[in-house]
Structures are given as structure tokens and as C-alpha cells.
Amino acid sequence: TMDSTLQVDLGVTMSSTLDVSDATILASTLEVQNDASLNSALSVGGAVTMDSTLHVDLGVTMRSTLDVSDATILGSTLEVQNDASLNSVLSVGGAVTMNFTLQVQNDVSLNTDLSIGGATTLDSTLQVEQGTTLKSTLDVTRATLLASTLEVQHDVSLNTDVSIGG
């Protein structure tokens, strides 16, 4: 038992436990050769660098940005509580379900069939590059311009005036 400061000018080797009951201040590096166990919170005032894997058994809460430099692999669901921004390509390997509106600012390319389960409204022109098949009625509410031949396979009904030029 000592009642004052112990000052050691050279190295110290202890063959048993060092038990400190109050705060400990180190003026330089703490290096641990084997496992280290902390039985309560760890507070770090600066950046942390790890040369190996960080394994966490329970949840992780971050109060700022998570910045990952390389690929990220999630073994389960990713749930985002607010907006998500992707600044490059999004590649999805399976089906996608959206529970609300999909809004796209630029062009959309579909490389196979498009199936729509409800009515479709277009706010501008529909341009089709190849043949089009309609399995039901084509209902046009305004003038229609055909730039080539109109061929009708069955009966035609015209319910008002007809003007044929040429």
C-alpha cells in the first residue's frame, strides 16, 4: 500500500494482475498482445482503425454517416426508414415489389414484356416501333391521323358523315 505517487523511469514487468480502482490515464499507446475484454461501454474520442474484421453480436446504432469504400454484402433484409439515393446503377437479381408510385426522371428501357394490371394513362405521345396488337376496343376521343393504309378485316360501321378525298 502506498499513500503517494509511484514513479518508475524504466520498464515494469508484472507477473500477476494489475488492478486499478480509479481512472487510468495513458500518455501514449496501449498495446495488448492477446484478447482484451471490456465489461462496459467503450468511448473513443478520435478515429478508429482496424486491421481485421469487426464482429458485433448485437445491434449497431450510428449517429452519423456510414461510409463504406468497397462492396457491401448484407445477409438479410435492408430496410431504409427514409429516402434512399443511388448515384449509379441498381441491379436487382429477382422480382421487385413496390407498394407505391415509381417515378422516373429520365428514359426507361424494358428489354422484354411489360404487363400492366390496370388502366394506363400517358400524358404525351405513344410511339410504337413495330406492329401493335389490340385484343379489345380501341377508343379514340379526338381526331386520328393515319399516315398509311387502313385495312379492316371485318365489318365497318360509320355513324355520321364520311368524307373521302383523292
Side-chain angles (χ1 to χ4, degrees), residues 26 28-166:
L26 302 176
S28 186
T29 304
L30 170 64
E31 182 176 325
V32 178
Q33 295 295 320
N34 292 310
D35 292 346
S37 295
L38 302 173
N39 296 319
S40 189
L42 171 64
S43 177
V44 178
V48 175
T49 301
M50 303 181 89
D51 294 331
S52 186
T53 303
L54 171 63
H55 179 86
V56 179
D57 287 329
L58 298 174
V60 175
T61 301
M62 297 187 180
R63 294 185 183 165
S64 186
T65 303
L66 172 63
D67 188 351
V68 180
S69 298
D70 290 330
T72 302
I73 298 171
L74 302 176
S76 187
T77 303
L78 170 65
E79 182 176 328
V80 178
Q81 296 293 324
N82 292 310
D83 292 349
S85 295
L86 302 174
N87 297 317
S88 189
V89 176
L90 171 63
S91 177
V92 179
V96 175
T97 301
M98 296 191 178
N99 295 324
F100 205 64
T101 303
L102 171 63
Q103 183 174 354
V104 180
Q105 297 298 324
N106 290 313
D107 293 347
V108 175
S109 296
L110 303 173
N111 296 321
T112 188
D113 296 340
L114 172 63
S115 177
I116 300 174
T120 302
T121 302
L122 301 175
D123 291 335
S124 186
T125 304
L126 172 63
Q127 180 176 336
V128 179
E129 297 293 329
Q130 295 186 15
T132 301
T133 302
L134 301 175
K135 293 184 179 180
S136 186
T137 304
L138 173 61
D139 187 0
V140 180
T141 59
R142 300 181 80 182
T144 301
L145 173 63
L146 299 176
S148 186
T149 304
L150 171 63
E151 181 178 326
V152 179
Q153 296 292 323
H154 296 285
D155 294 341
V156 174
S157 294
L158 303 172
N159 295 324
T160 187
D161 297 336
V162 174
S163 174
I164 300 175

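Everything numeric here is computed off the predicted structure, so don't read it as measured data. All values below come from the heavy atoms of this structure, side chains included, with hydrogens, waters and symmetry mates left out.
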Please tabulate, for the side chains in residues 67-93, all donor-acceptor contacts under 3.5 angstrom to protein atoms that are two or more places apart in sequence or on a different chain.
{"unit_1": "Glu79", "atom_1": "OE2", "unit_2": "Gln81", "atom_2": "NE2", "d": "2.7"}

Inset, instruction - Not counting sequence neighbours, list each pair that qualifies as a side chain to side chain donor-acceptor pair (under 3.5 Å) and has a residue in residues 50-63. - result: His55-Asp57
With a 3.5 Å cut-off and sequence neighbours excluded, list the donor-acceptor pairs that the side chains of residues 140-164 form with protein atoms.
{"unit_1": "Glu151", "atom_1": "OE2", "unit_2": "Gln153", "atom_2": "NE2", "d": "2.5"}

Inset, instruction - Keeping to residues at least two apart or across chains, list the side chain to side chain donor-acceptor pair (under 3.5 Å) pairs with something in residues 93-114. - result: none
Pair up each side-chain donor or acceptor in residues 123-138 with any protein partner under 3.5 Å, not counting sequence neighbours, and list the distances.
{"unit_1": "Gln127", "atom_1": "NE2", "unit_2": "Glu129", "atom_2": "OE2", "d": "2.8"}

Inset, instruction - State which residues pass side chain to side chain contact (heavy atoms under 4.5 Å, CB included) with Thr120; sequence neighbours excluded, sorted by chain then number. - result: Ile116, Leu122
